[in-house]
Amino acid sequence: MLNQSYIQVQKQSLRPLTTAHIAQTMSLLLLNGQELKQKIENELSSNPALEVVQNYPCPTCGRLFPRNRSCPVCSHNSEVNDNSAIIFVSPRSDFYGVKKSSSDETYDPEEYMVSSEDLHTYVFRQIAPDINQEDIPIAKHILSSLDKDGLLEQSDVEIAQYHHTSLSRVNNILSIIQRVDPIGVASRSPKEALLVQLDVLSENYEVPPLAKSIVSDQLELLSRHSYTEIGRIYGVPSQEIMATGKFIIDNLNPFPARTHWGNQRTEPHSNQTYQNPDVIITETSKPTKKFIIEIVSPYSGQLKINSLYLEAIKNAPKEKAEKWQKDLEHAGLLIKCIKQRNNTLVRFMRLIVDLQRNFILNGDTHLKPITRSYIADELNVHESTISRTVAGKTIQLPNKKIIPISKLFDRSLCIRAEIRKIINEENNPLSDSKISTLLNERGYNVARRTVAKYRSIEGILPARLRQNTINPTQI
DNA sequence: CTATGGCACGGATT
DNA sequence: AATCCGTGCCATAG
(Lines give C-alpha, C1' and ligand atoms only; values in the text may rest on other atoms or scores of the structure.)
Protein backbone atom coordinates (compact mmCIF):
# COMPACT_ATOMS: atom_id res chain seq x y z
CA MET A 1 0.00 0.00 0.00
CA LEU A 2 2.74 2.28 1.00
CA ASN A 3 4.65 1.75 -2.15
CA GLN A 4 1.56 2.19 -4.23
CA SER A 5 0.84 5.60 -2.90
CA TYR A 6 4.43 6.42 -3.48
CA ILE A 7 4.13 5.53 -7.10
CA GLN A 8 0.95 7.47 -7.58
CA VAL A 9 2.48 10.58 -6.22
CA GLN A 10 5.24 10.16 -8.68
CA LYS A 11 2.90 9.66 -11.56
CA GLN A 12 1.13 12.91 -10.94
CA SER A 13 4.13 15.06 -10.68
CA LEU A 14 6.09 13.45 -13.40
CA ARG A 15 4.37 14.05 -16.66
CA PRO A 16 7.10 14.99 -19.05
CA LEU A 17 6.48 18.55 -20.06
CA THR A 18 9.16 19.61 -22.42
CA THR A 19 11.08 17.96 -25.16
CA ALA A 20 14.19 18.47 -23.11
CA HIS A 21 12.55 16.54 -20.37
CA ILE A 22 11.71 13.65 -22.62
CA ALA A 23 15.09 13.61 -24.23
CA GLN A 24 16.87 13.50 -20.92
CA THR A 25 14.59 10.88 -19.49
CA MET A 26 15.28 8.71 -22.47
CA SER A 27 18.98 9.06 -22.24
CA LEU A 28 18.89 8.33 -18.53
CA LEU A 29 16.82 5.27 -19.09
CA LEU A 30 19.49 3.92 -21.32
CA LEU A 31 22.09 4.09 -18.60
CA ASN A 32 22.68 1.28 -16.21
CA GLY A 33 23.49 1.73 -12.57
CA GLN A 34 27.15 2.42 -12.91
CA GLU A 35 26.73 4.84 -15.74
CA LEU A 36 24.03 6.65 -13.88
CA LYS A 37 26.24 6.88 -10.87
CA GLN A 38 28.94 8.42 -12.98
CA LYS A 39 26.53 10.87 -14.46
CA ILE A 40 25.18 11.97 -11.14
CA GLU A 41 28.62 12.39 -9.70
CA ASN A 42 29.56 14.62 -12.56
CA GLU A 43 26.43 16.61 -12.09
CA LEU A 44 26.94 16.98 -8.38
CA SER A 45 30.39 18.34 -8.77
CA SER A 46 29.49 20.80 -11.47
CA ASN A 47 26.12 22.03 -10.34
CA PRO A 48 25.88 23.68 -6.94
CA ALA A 49 22.11 23.64 -6.93
CA LEU A 50 22.08 19.91 -6.50
CA GLU A 51 22.69 18.13 -3.27
CA VAL A 52 22.33 14.68 -1.83
CA VAL A 53 20.35 14.26 1.33
CA GLN A 54 21.50 11.35 3.38
CA ASN A 55 19.26 8.41 3.93
CA TYR A 56 18.56 6.67 7.17
CA PRO A 57 18.71 2.96 7.74
CA CYS A 58 15.54 1.16 8.57
CA PRO A 59 15.99 0.04 12.17
CA THR A 60 14.87 -3.52 11.52
CA CYS A 61 16.36 -4.41 8.20
CA GLY A 62 19.03 -1.84 7.56
CA ARG A 63 17.92 -0.72 4.14
CA LEU A 64 18.44 2.93 3.55
CA PHE A 65 15.58 5.33 3.02
CA PRO A 66 14.82 9.00 3.06
CA ARG A 67 13.99 10.20 6.52
CA ASN A 68 10.25 10.51 6.14
CA ARG A 69 9.65 7.23 4.43
CA SER A 70 9.49 3.93 6.21
CA CYS A 71 10.76 0.71 4.82
CA PRO A 72 8.20 -0.98 2.61
CA VAL A 73 9.50 -4.40 3.49
CA CYS A 74 9.30 -4.07 7.23
CA SER A 75 6.19 -1.96 7.41
CA HIS A 76 4.50 -4.44 5.21
CA ASN A 77 2.11 -6.61 7.15
CA SER A 78 1.74 -10.02 5.73
CA GLU A 79 -2.02 -10.32 5.65
CA VAL A 80 -2.36 -7.69 3.01
CA ASN A 81 -4.64 -8.85 0.26
CA ASP A 82 -2.85 -9.45 -2.98
CA ASN A 83 0.27 -11.42 -3.62
CA SER A 84 1.83 -8.75 -5.68
CA ALA A 85 5.45 -8.05 -5.21
CA ILE A 86 6.90 -5.50 -2.88
CA ILE A 87 8.67 -3.16 -5.15
CA PHE A 88 10.58 -0.01 -4.44
CA VAL A 89 13.59 2.05 -5.26
CA SER A 90 16.42 1.32 -2.95
CA PRO A 91 19.13 3.93 -2.82
CA ARG A 92 22.62 2.68 -2.35
CA SER A 93 25.87 4.20 -3.34
CA ASP A 94 28.34 1.59 -2.39
CA PHE A 95 26.42 -1.34 -3.55
CA TYR A 96 28.61 -3.83 -5.23
CA GLY A 97 28.45 -7.47 -5.73
CA VAL A 98 26.48 -10.37 -4.56
CA LYS A 99 25.13 -11.35 -1.28
CA LYS A 100 27.48 -13.99 -0.09
CA SER A 101 25.57 -15.93 2.49
CA SER A 102 22.77 -18.11 1.28
CA SER A 103 20.43 -17.36 4.14
CA ASP A 104 18.42 -14.34 3.29
CA GLU A 105 16.10 -14.13 6.22
CA THR A 106 17.48 -10.87 7.37
CA TYR A 107 19.20 -8.22 5.47
CA ASP A 108 22.63 -7.57 6.70
CA PRO A 109 24.60 -4.90 4.93
CA GLU A 110 27.78 -6.60 6.03
CA GLU A 111 26.95 -9.50 3.82
CA TYR A 112 27.23 -7.39 0.79
CA MET A 113 30.83 -7.16 0.11
CA VAL A 114 32.42 -4.31 -1.62
CA SER A 115 34.08 -6.03 -4.47
CA SER A 116 36.90 -3.84 -5.53
CA GLU A 117 38.24 -2.84 -2.16
CA ASP A 118 37.81 -6.28 -0.82
CA LEU A 119 39.64 -7.90 -3.65
CA HIS A 120 42.61 -5.63 -3.04
CA THR A 121 42.86 -6.25 0.63
CA TYR A 122 42.10 -9.89 0.23
CA VAL A 123 44.91 -10.39 -2.21
CA PHE A 124 47.25 -8.09 -0.39
CA ARG A 125 46.89 -9.97 2.84
CA GLN A 126 48.01 -13.11 1.08
CA ILE A 127 51.01 -11.70 -0.67
CA ALA A 128 52.21 -9.52 2.14
CA PRO A 129 54.54 -12.12 3.68
CA ASP A 130 56.04 -13.00 0.32
CA ILE A 131 57.20 -9.69 -0.93
CA ASN A 132 59.92 -7.35 0.11
CA GLN A 133 59.23 -4.22 2.01
CA GLU A 134 60.34 -2.02 -0.83
CA ASP A 135 58.11 -3.78 -3.33
CA ILE A 136 54.95 -3.05 -1.44
CA PRO A 137 54.16 0.23 -3.21
CA ILE A 138 54.45 -1.51 -6.54
CA ALA A 139 52.23 -4.34 -5.42
CA LYS A 140 49.66 -1.86 -4.22
CA HIS A 141 49.82 -0.07 -7.47
CA ILE A 142 49.19 -3.30 -9.32
CA LEU A 143 46.28 -4.21 -7.13
CA SER A 144 44.67 -0.86 -7.53
CA SER A 145 44.73 -1.04 -11.28
CA LEU A 146 42.76 -4.26 -11.42
CA ASP A 147 39.45 -4.14 -13.15
CA LYS A 148 36.38 -5.79 -11.78
CA ASP A 149 37.26 -9.08 -13.38
CA GLY A 150 40.58 -9.15 -11.64
CA LEU A 151 42.51 -8.42 -14.79
CA LEU A 152 45.27 -5.88 -14.99
CA GLU A 153 44.33 -2.72 -16.78
CA GLN A 154 47.65 -1.02 -16.93
CA SER A 155 50.55 -2.55 -18.77
CA ASP A 156 53.47 -3.87 -16.80
CA VAL A 157 55.75 -1.51 -18.66
CA GLU A 158 53.79 1.50 -17.50
CA ILE A 159 53.95 0.33 -13.95
CA ALA A 160 57.67 -0.26 -14.13
CA GLN A 161 58.22 3.18 -15.54
CA TYR A 162 56.06 4.79 -12.95
CA HIS A 163 58.14 3.30 -10.17
CA HIS A 164 61.43 3.78 -11.99
CA THR A 165 62.24 0.18 -11.76
CA SER A 166 62.96 -2.75 -14.00
CA LEU A 167 60.35 -4.64 -15.85
CA SER A 168 61.55 -7.92 -14.46
CA ARG A 169 61.01 -6.70 -10.93
CA VAL A 170 57.45 -5.82 -11.74
CA ASN A 171 56.93 -9.14 -13.42
CA ASN A 172 58.33 -10.87 -10.40
CA ILE A 173 55.77 -9.23 -8.21
CA LEU A 174 53.07 -9.94 -10.73
CA SER A 175 53.83 -13.61 -10.73
CA ILE A 176 53.59 -13.71 -6.97
CA ILE A 177 50.23 -12.03 -7.08
CA GLN A 178 48.95 -14.22 -9.83
CA ARG A 179 49.48 -17.31 -7.77
CA VAL A 180 47.44 -16.40 -4.76
CA ASP A 181 43.85 -17.12 -4.26
CA PRO A 182 41.84 -15.88 -7.12
CA ILE A 183 44.50 -17.65 -9.12
CA GLY A 184 45.43 -15.71 -12.19
CA VAL A 185 44.41 -12.39 -10.71
CA ALA A 186 46.34 -9.45 -12.15
CA SER A 187 46.87 -11.19 -15.43
CA ARG A 188 47.05 -9.03 -18.48
CA SER A 189 44.49 -10.98 -20.42
CA PRO A 190 42.04 -13.82 -19.95
CA LYS A 191 44.49 -16.03 -21.77
CA GLU A 192 47.28 -15.29 -19.36
CA ALA A 193 44.97 -15.95 -16.46
CA LEU A 194 44.15 -19.34 -17.88
CA LEU A 195 47.78 -20.17 -18.39
CA VAL A 196 48.67 -19.24 -14.86
CA GLN A 197 45.83 -21.32 -13.54
CA LEU A 198 46.97 -24.27 -15.60
CA ASP A 199 50.44 -23.86 -14.30
CA VAL A 200 49.40 -23.78 -10.68
CA LEU A 201 47.01 -26.63 -11.19
CA SER A 202 49.64 -28.81 -12.76
CA GLU A 203 51.70 -28.69 -9.60
CA ASN A 204 49.18 -30.80 -7.78
CA TYR A 205 46.95 -32.36 -10.38
CA GLU A 206 47.23 -34.05 -13.65
CA VAL A 207 46.47 -31.68 -16.45
CA PRO A 208 45.61 -32.82 -19.96
CA PRO A 209 48.82 -32.62 -21.97
CA LEU A 210 47.45 -30.43 -24.70
CA ALA A 211 45.69 -28.00 -22.42
CA LYS A 212 48.49 -25.52 -22.22
CA SER A 213 49.19 -25.49 -25.88
CA ILE A 214 45.54 -25.16 -26.78
CA VAL A 215 45.01 -22.26 -24.46
CA SER A 216 48.02 -20.38 -25.66
CA ASP A 217 47.60 -21.00 -29.36
CA GLN A 218 44.04 -21.99 -30.13
CA LEU A 219 41.97 -20.05 -27.67
CA GLU A 220 39.97 -18.52 -30.49
CA LEU A 221 38.84 -21.88 -31.77
CA LEU A 222 38.30 -23.22 -28.30
CA SER A 223 35.94 -20.45 -27.40
CA ARG A 224 33.89 -21.37 -30.41
CA HIS A 225 33.93 -25.04 -29.41
CA SER A 226 35.46 -25.99 -32.71
CA TYR A 227 36.85 -29.19 -31.31
CA THR A 228 37.18 -30.96 -34.61
CA GLU A 229 39.09 -28.05 -36.02
CA ILE A 230 41.56 -28.09 -33.17
CA GLY A 231 41.82 -31.83 -33.39
CA ARG A 232 42.83 -31.49 -36.99
CA ILE A 233 45.55 -29.05 -36.12
CA TYR A 234 47.06 -31.31 -33.51
CA GLY A 235 46.26 -34.49 -35.36
CA VAL A 236 44.42 -36.05 -32.46
CA PRO A 237 40.81 -37.26 -32.24
CA SER A 238 38.35 -34.58 -31.36
CA GLN A 239 37.24 -36.60 -28.36
CA GLU A 240 40.53 -35.83 -26.74
CA ILE A 241 40.25 -32.18 -27.56
CA MET A 242 36.77 -32.08 -26.20
CA ALA A 243 37.83 -33.73 -22.97
CA THR A 244 40.56 -31.14 -22.67
CA GLY A 245 38.07 -28.41 -23.41
CA LYS A 246 35.80 -29.70 -20.72
CA PHE A 247 38.66 -29.74 -18.30
CA ILE A 248 39.44 -26.15 -19.12
CA ILE A 249 35.86 -25.01 -18.79
CA ASP A 250 35.35 -26.85 -15.54
CA ASN A 251 38.53 -25.90 -13.81
CA LEU A 252 39.67 -22.60 -15.15
CA ASN A 253 38.25 -19.16 -15.12
CA PRO A 254 39.34 -16.49 -17.56
CA PHE A 255 38.15 -13.77 -15.20
CA PRO A 256 39.74 -14.59 -11.88
CA ALA A 257 37.77 -12.20 -9.73
CA ARG A 258 34.49 -13.61 -10.89
CA THR A 259 34.97 -16.65 -8.74
CA HIS A 260 33.74 -14.34 -6.06
CA TRP A 261 30.43 -13.94 -7.73
CA GLY A 262 29.13 -17.27 -6.70
CA ASN A 263 29.02 -19.94 -9.34
CA GLN A 264 28.43 -17.64 -12.14
CA ARG A 265 28.50 -19.60 -15.31
CA THR A 266 30.74 -18.30 -17.96
CA GLU A 267 28.22 -17.60 -20.64
CA PRO A 268 29.49 -18.76 -23.97
CA HIS A 269 29.07 -15.51 -25.80
CA SER A 270 29.68 -12.92 -23.18
CA ASN A 271 32.71 -10.83 -22.62
CA GLN A 272 30.63 -8.45 -20.64
CA THR A 273 30.92 -8.09 -16.95
CA TYR A 274 27.77 -8.36 -15.01
CA GLN A 275 28.65 -7.23 -11.60
CA ASN A 276 26.37 -4.66 -10.14
CA PRO A 277 22.79 -5.60 -10.58
CA ASP A 278 20.42 -2.78 -11.32
CA VAL A 279 17.55 -4.67 -9.81
CA ILE A 280 17.61 -7.16 -6.99
CA ILE A 281 14.93 -9.70 -6.41
CA THR A 282 14.70 -11.52 -3.13
CA GLU A 283 11.91 -13.30 -1.36
CA THR A 284 10.20 -12.67 1.90
CA SER A 285 10.37 -15.42 4.45
CA LYS A 286 8.32 -18.57 4.38
CA PRO A 287 4.60 -18.14 4.88
CA THR A 288 3.92 -15.40 2.39
CA LYS A 289 6.37 -15.82 -0.32
CA LYS A 290 6.45 -12.48 -1.95
CA PHE A 291 9.09 -11.01 -4.08
CA ILE A 292 11.00 -8.08 -2.80
CA ILE A 293 12.19 -6.08 -5.72
CA GLU A 294 14.74 -3.41 -5.22
CA ILE A 295 15.51 -0.99 -7.96
CA VAL A 296 18.99 0.01 -7.09
CA SER A 297 19.78 3.67 -7.12
CA PRO A 298 23.47 4.16 -7.33
CA TYR A 299 23.69 7.25 -5.21
CA SER A 300 23.72 7.23 -1.48
CA GLY A 301 20.73 9.30 -0.67
CA GLN A 302 18.09 11.45 -2.15
CA LEU A 303 18.82 14.01 -4.77
CA LYS A 304 17.37 17.37 -3.89
CA ILE A 305 17.60 20.98 -4.74
CA ASN A 306 19.92 22.50 -2.24
CA SER A 307 17.78 24.61 0.06
CA LEU A 308 20.61 26.97 0.84
CA TYR A 309 20.95 27.55 -2.83
CA LEU A 310 17.27 28.40 -3.08
CA GLU A 311 17.73 31.00 -0.42
CA ALA A 312 20.83 32.41 -1.97
CA ILE A 313 19.29 32.83 -5.36
CA LYS A 314 16.70 35.26 -4.08
CA ASN A 315 19.26 37.91 -3.48
CA ALA A 316 21.69 36.91 -6.11
CA PRO A 317 23.86 39.51 -7.68
CA LYS A 318 22.45 40.57 -11.01
CA GLU A 319 25.18 39.27 -13.21
CA LYS A 320 25.04 35.82 -11.63
CA ALA A 321 21.31 35.53 -11.37
CA GLU A 322 20.77 34.15 -14.80
CA LYS A 323 23.36 31.44 -14.53
CA TRP A 324 22.13 30.44 -11.10
CA GLN A 325 18.62 30.21 -12.31
CA LYS A 326 19.76 28.02 -15.14
CA ASP A 327 21.61 25.70 -12.80
CA LEU A 328 18.53 25.47 -10.70
CA GLU A 329 16.34 24.49 -13.58
CA HIS A 330 18.89 22.04 -14.75
CA ALA A 331 19.02 20.38 -11.38
CA GLY A 332 15.27 20.25 -11.12
CA LEU A 333 15.02 18.68 -14.51
CA LEU A 334 17.58 16.05 -13.67
CA ILE A 335 15.77 15.11 -10.52
CA LYS A 336 12.50 14.77 -12.31
CA CYS A 337 14.03 12.73 -15.03
CA ILE A 338 15.65 10.38 -12.62
CA LYS A 339 12.35 9.89 -10.88
CA GLN A 340 10.77 9.24 -14.20
CA ARG A 341 13.41 6.69 -14.93
CA ASN A 342 12.79 4.95 -11.67
CA ASN A 343 9.11 5.04 -12.22
CA THR A 344 9.46 3.35 -15.58
CA LEU A 345 11.71 0.76 -14.07
CA VAL A 346 9.22 0.07 -11.31
CA ARG A 347 6.33 -0.38 -13.67
CA PHE A 348 8.44 -2.49 -15.94
CA MET A 349 9.60 -4.77 -13.17
CA ARG A 350 6.15 -5.17 -11.74
CA LEU A 351 4.92 -6.53 -15.03
CA ILE A 352 7.99 -8.66 -15.66
CA VAL A 353 7.88 -10.30 -12.29
CA ASP A 354 4.27 -11.11 -12.83
CA LEU A 355 4.91 -12.68 -16.19
CA GLN A 356 8.13 -14.47 -15.39
CA ARG A 357 7.44 -15.56 -11.86
CA ASN A 358 8.00 -19.16 -12.81
CA PHE A 359 11.27 -18.45 -14.45
CA ILE A 360 12.54 -16.47 -11.52
CA LEU A 361 11.69 -19.25 -9.12
CA ASN A 362 12.38 -22.32 -11.18
CA GLY A 363 15.01 -21.46 -13.70
CA ASP A 364 15.63 -21.48 -17.38
CA THR A 365 13.12 -24.05 -18.51
CA HIS A 366 10.25 -21.93 -17.29
CA LEU A 367 11.10 -18.79 -19.17
CA LYS A 368 8.16 -17.52 -21.12
CA PRO A 369 9.06 -16.14 -24.48
CA ILE A 370 8.15 -12.49 -24.37
CA THR A 371 8.97 -9.67 -26.68
CA ARG A 372 9.78 -6.14 -25.79
CA SER A 373 6.97 -4.84 -27.92
CA TYR A 374 4.47 -6.86 -25.91
CA ILE A 375 5.67 -5.24 -22.72
CA ALA A 376 5.54 -1.86 -24.39
CA ASP A 377 1.92 -2.48 -25.30
CA GLU A 378 0.99 -3.53 -21.80
CA LEU A 379 2.62 -0.51 -20.24
CA ASN A 380 1.44 1.93 -22.86
CA VAL A 381 4.86 3.16 -23.67
CA HIS A 382 6.82 3.17 -26.83
CA GLU A 383 8.80 0.11 -27.80
CA SER A 384 12.02 2.01 -27.78
CA THR A 385 11.42 2.92 -24.16
CA ILE A 386 11.45 -0.72 -23.28
CA SER A 387 14.50 -1.31 -25.38
CA ARG A 388 16.28 1.35 -23.43
CA THR A 389 15.08 -0.04 -20.17
CA VAL A 390 16.42 -3.44 -21.00
CA ALA A 391 19.66 -2.39 -22.58
CA GLY A 392 22.75 -3.02 -20.57
CA LYS A 393 21.04 -3.61 -17.27
CA THR A 394 21.28 -6.58 -15.04
CA ILE A 395 19.10 -8.16 -12.47
CA GLN A 396 19.87 -10.38 -9.53
CA LEU A 397 17.56 -13.31 -9.00
CA PRO A 398 16.69 -14.81 -5.63
CA ASN A 399 19.19 -17.57 -6.32
CA LYS A 400 21.92 -14.91 -6.40
CA LYS A 401 22.62 -15.26 -10.05
CA ILE A 402 23.09 -12.05 -11.92
CA ILE A 403 21.72 -12.06 -15.41
CA PRO A 404 21.24 -9.39 -18.02
CA ILE A 405 17.64 -8.30 -18.29
CA SER A 406 17.74 -9.08 -21.96
CA LYS A 407 17.87 -12.74 -21.00
CA LEU A 408 14.26 -12.44 -19.99
CA PHE A 409 13.45 -11.84 -23.62
CA ASP A 410 15.47 -14.69 -25.00
CA ARG A 411 13.10 -16.73 -27.08
CA SER A 412 15.42 -19.65 -27.37
CA LEU A 413 16.50 -19.98 -23.79
CA CYS A 414 13.79 -22.30 -22.59
CA ILE A 415 14.28 -24.56 -25.58
CA ARG A 416 17.99 -24.63 -25.02
CA ALA A 417 17.40 -25.60 -21.44
CA GLU A 418 15.02 -28.29 -22.60
CA ILE A 419 17.63 -29.66 -24.95
CA ARG A 420 20.15 -29.76 -22.19
CA LYS A 421 17.67 -31.63 -20.07
CA ILE A 422 16.93 -34.16 -22.77
CA ILE A 423 20.56 -34.83 -23.43
CA ASN A 424 21.40 -35.16 -19.79
CA GLU A 425 18.59 -37.57 -19.17
CA GLU A 426 18.94 -39.86 -22.16
CA ASN A 427 21.99 -42.00 -21.87
CA ASN A 428 22.39 -43.15 -25.43
CA PRO A 429 23.19 -40.24 -27.67
CA LEU A 430 20.31 -38.80 -29.63
CA SER A 431 20.80 -37.27 -33.01
CA ASP A 432 19.67 -33.76 -33.68
CA SER A 433 16.65 -34.84 -35.67
CA LYS A 434 15.53 -37.17 -32.88
CA ILE A 435 15.82 -34.36 -30.43
CA SER A 436 13.89 -32.20 -32.80
CA THR A 437 10.93 -34.59 -32.96
CA LEU A 438 11.11 -35.06 -29.20
CA LEU A 439 10.87 -31.33 -28.74
CA ASN A 440 7.99 -31.11 -31.15
CA GLU A 441 6.13 -33.68 -29.11
CA ARG A 442 6.61 -31.51 -26.08
CA GLY A 443 5.23 -28.53 -27.91
CA TYR A 444 8.38 -26.79 -28.93
CA ASN A 445 8.34 -26.23 -32.62
CA VAL A 446 11.92 -26.30 -33.78
CA ALA A 447 13.65 -27.56 -36.87
CA ARG A 448 16.46 -29.99 -36.81
CA ARG A 449 18.90 -27.36 -37.93
CA THR A 450 17.98 -25.19 -35.03
CA VAL A 451 18.61 -27.94 -32.55
CA ALA A 452 22.12 -28.14 -33.89
CA LYS A 453 22.57 -24.43 -33.43
CA TYR A 454 21.37 -24.48 -29.86
CA ARG A 455 23.55 -27.43 -29.10
CA SER A 456 26.63 -25.61 -30.18
CA ILE A 457 25.59 -22.54 -28.24
CA GLU A 458 25.31 -24.70 -25.17
CA GLY A 459 28.64 -26.25 -25.92
CA ILE A 460 27.22 -29.74 -26.26
CA LEU A 461 28.93 -32.00 -28.70
CA PRO A 462 27.19 -33.78 -31.57
CA ALA A 463 25.73 -37.20 -30.91
CA ARG A 464 28.62 -39.25 -32.26
CA LEU A 465 31.12 -37.54 -30.08
CA ARG A 466 29.01 -37.87 -27.01
CA GLN A 467 29.33 -41.65 -27.24
CA ASN A 468 31.98 -42.41 -24.70
CA THR A 469 32.20 -39.30 -22.70
CA ILE A 470 31.36 -39.40 -19.08
CA ASN A 471 28.05 -37.75 -18.58
CA PRO A 472 28.42 -34.02 -18.80
CA THR A 473 27.86 -32.54 -15.38
CA GLN A 474 27.36 -29.04 -16.55
CA ILE A 475 24.79 -27.18 -14.59
C1' DC B 1 23.69 -42.98 -46.54
C1' DT B 2 23.22 -40.15 -42.26
C1' DA B 3 24.43 -36.56 -39.27
C1' DT B 4 26.23 -32.08 -38.94
C1' DG B 5 28.21 -27.58 -39.76
C1' DG B 6 28.59 -23.42 -43.00
C1' DC B 7 26.48 -19.98 -45.67
C1' DA B 8 22.98 -17.22 -46.61
C1' DC B 9 18.22 -15.65 -47.00
C1' DG B 10 13.94 -13.65 -45.19
C1' DG B 11 11.17 -12.44 -41.60
C1' DA B 12 10.80 -10.72 -37.02
C1' DT B 13 12.56 -7.69 -33.51
C1' DT B 14 14.58 -3.65 -31.75
C1' DA C 1 17.17 1.19 -40.70
C1' DA C 2 19.93 -2.17 -38.42
C1' DT C 3 20.27 -6.40 -36.19
C1' DC C 4 19.11 -10.91 -34.68
C1' DC C 5 17.27 -15.47 -35.34
C1' DG C 6 15.35 -19.60 -37.41
C1' DT C 7 15.67 -22.33 -41.21
C1' DG C 8 16.68 -24.44 -45.76
C1' DC C 9 20.07 -26.03 -48.88
C1' DC C 10 24.42 -27.97 -49.79
C1' DA C 11 28.98 -29.80 -48.92
C1' DT C 12 31.51 -32.76 -46.18
C1' DA C 13 32.91 -36.11 -42.63
C1' DG C 14 32.16 -40.45 -40.78
Side-chain angles (χ1 to χ4, degrees), chain A residues 22 25-32 218 220-242 245 267-272 344-345 348 351-352 355-356 364 367-395 403-420 422-423 426 428-440 442-469 472:
Chain A
I22 295 171
T25 309
M26 287 311 169
S27 71
L28 283 179
L29 204 53
L30 190 58
L31 305 178
N32 66 22
Q218 311 298 340
E220 252 296 290
L221 291 173
L222 185 70
S223 67
R224 277 188 271 122
H225 301 286
S226 313
Y227 298 111
T228 15
E229 182 83 352
I230 301 174
R232 210 176 298 135
I233 292 169
Y234 288 96
V236 297
S238 49
Q239 279 96 327
E240 187 178 340
I241 303 295
M242 108 108 201
E267 299 287 338
H269 41 261
S270 75
N271 318 324
Q272 294 163 8
T344 311
L345 235 40
F348 173 81
L351 183 58
I352 288 290
L355 289 170
Q356 301 287 22
D364 289 0
L367 183 75
K368 267 197 218 167
I370 299 198
T371 66
R372 291 161 172 80
S373 46
Y374 173 76
I375 302 286
D377 252 16
E378 291 290 303
L379 292 180
N380 281 322
V381 294
H382 196 276
E383 291 173 331
S384 64
T385 309
I386 302 299
S387 282
R388 283 185 249 259
T389 312
V390 172
K393 297 194 188 57
T394 56
I395 175 174
I403 59 164
I405 294 187
S406 56
K407 193 170 169 178
L408 295 170
F409 295 93
D410 191 329
R411 276 164 296 160
S412 62
L413 192 74
C414 57
I415 305 181
R416 295 209 307 260
E418 199 65 39
I419 291 176
R420 236 183 312 166
I422 290 176
I423 291 179
E426 298 299 341
N428 55 328
L430 295 165
S431 74
D432 286 350
S433 35
K434 295 231 180 74
I435 295 175
S436 171
T437 50
L438 253 162
L439 283 171
N440 280 315
R442 300 191 192 186
Y444 300 103
N445 210 351
V446 270
R448 178 238 113 208
R449 189 63 190 78
T450 313
V451 175
K453 271 258 155 64
Y454 288 168
R455 238 197 28 249
S456 70
I457 293 177
E458 292 295 323
I460 301 171
L461 286 175
R464 337 161 132 267
L465 299 179
R466 268 183 272 134
Q467 296 279 1
N468 307 321
T469 43

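Proteins come first, then strands; the chains are lettered A, B, ... in the order of their sequence lines, and each starts at number 1.
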**Which residue lies more 5' along DNA chain B, comparing A:Glu383 with A:Ala452 via nearest heavy atoms** = A:Ala452

Under a 4.5 Å cut-off applied to non-hydrogen side-chain atoms, are [X] and [Y] in contact?
{"X": "A:Arg372", "Y": "A:Ser406", "result": "yes"}
{"X": "A:Ile423", "Y": "A:Arg455", "result": "yes"}
{"X": "A:Asn32", "Y": "A:Thr394", "result": "no"}

**Request:** For A:Ser384, answer base if it contacts any base atom (sugar-phosphate contacts may also be present), sugar-phosphate if it contacts only those atoms, and nothing otherwise; contact means non-hydrogen atoms under 4.0 Å.
**Result:** nothing

Atom-pair distance ([atom1] on [X]; [atom2] on [N]), nearest Å:
{"X": "A:Leu461", "N": "B:dG5", "atom1": "CG", "atom2": "C1'", "value": "13 Å"}
{"X": "A:Arg372", "N": "C:dT3", "atom1": "CZ", "atom2": "P", "value": "15 Å"}
{"X": "A:Lys407", "N": "C:dC4", "atom1": "NZ", "atom2": "P", "value": "19 Å"}
{"X": "A:Ile405", "N": "B:dT14", "atom1": "CD1", "atom2": "P", "value": "14 Å"}
{"X": "A:Ile457", "N": "B:dG5", "atom1": "CD1", "atom2": "P", "value": "12 Å"}

**Request:** Between protein and nucleotides 5-14 of chain C, map the contacts as a letter string: B base, S sugar-phosphate only, - none, heavy atoms under 4.0 Å, written 5' to 3'.
**Result:** SSBBB----S

**Request:** Hey, could you give me the CZ/CD1 distance between A:Arg411 and A:Ile370, rounded to the nearest 0.5 Å?
**Result:** 12.5 Å

**Request:** Could you tell me the separation between the CG atom of A:Leu408 and the CG atom of A:Leu413, rounded to the nearest 0.5 Å?
**Result:** 9.5 Å

**Item:** Matching residue for A:Tyr444 among A:Leu439, A:Leu438, A:Val451, A:Thr450 - test: side-chain contact (heavy atoms from CB on, under 4.5 Å)
**Value:** A:Leu439

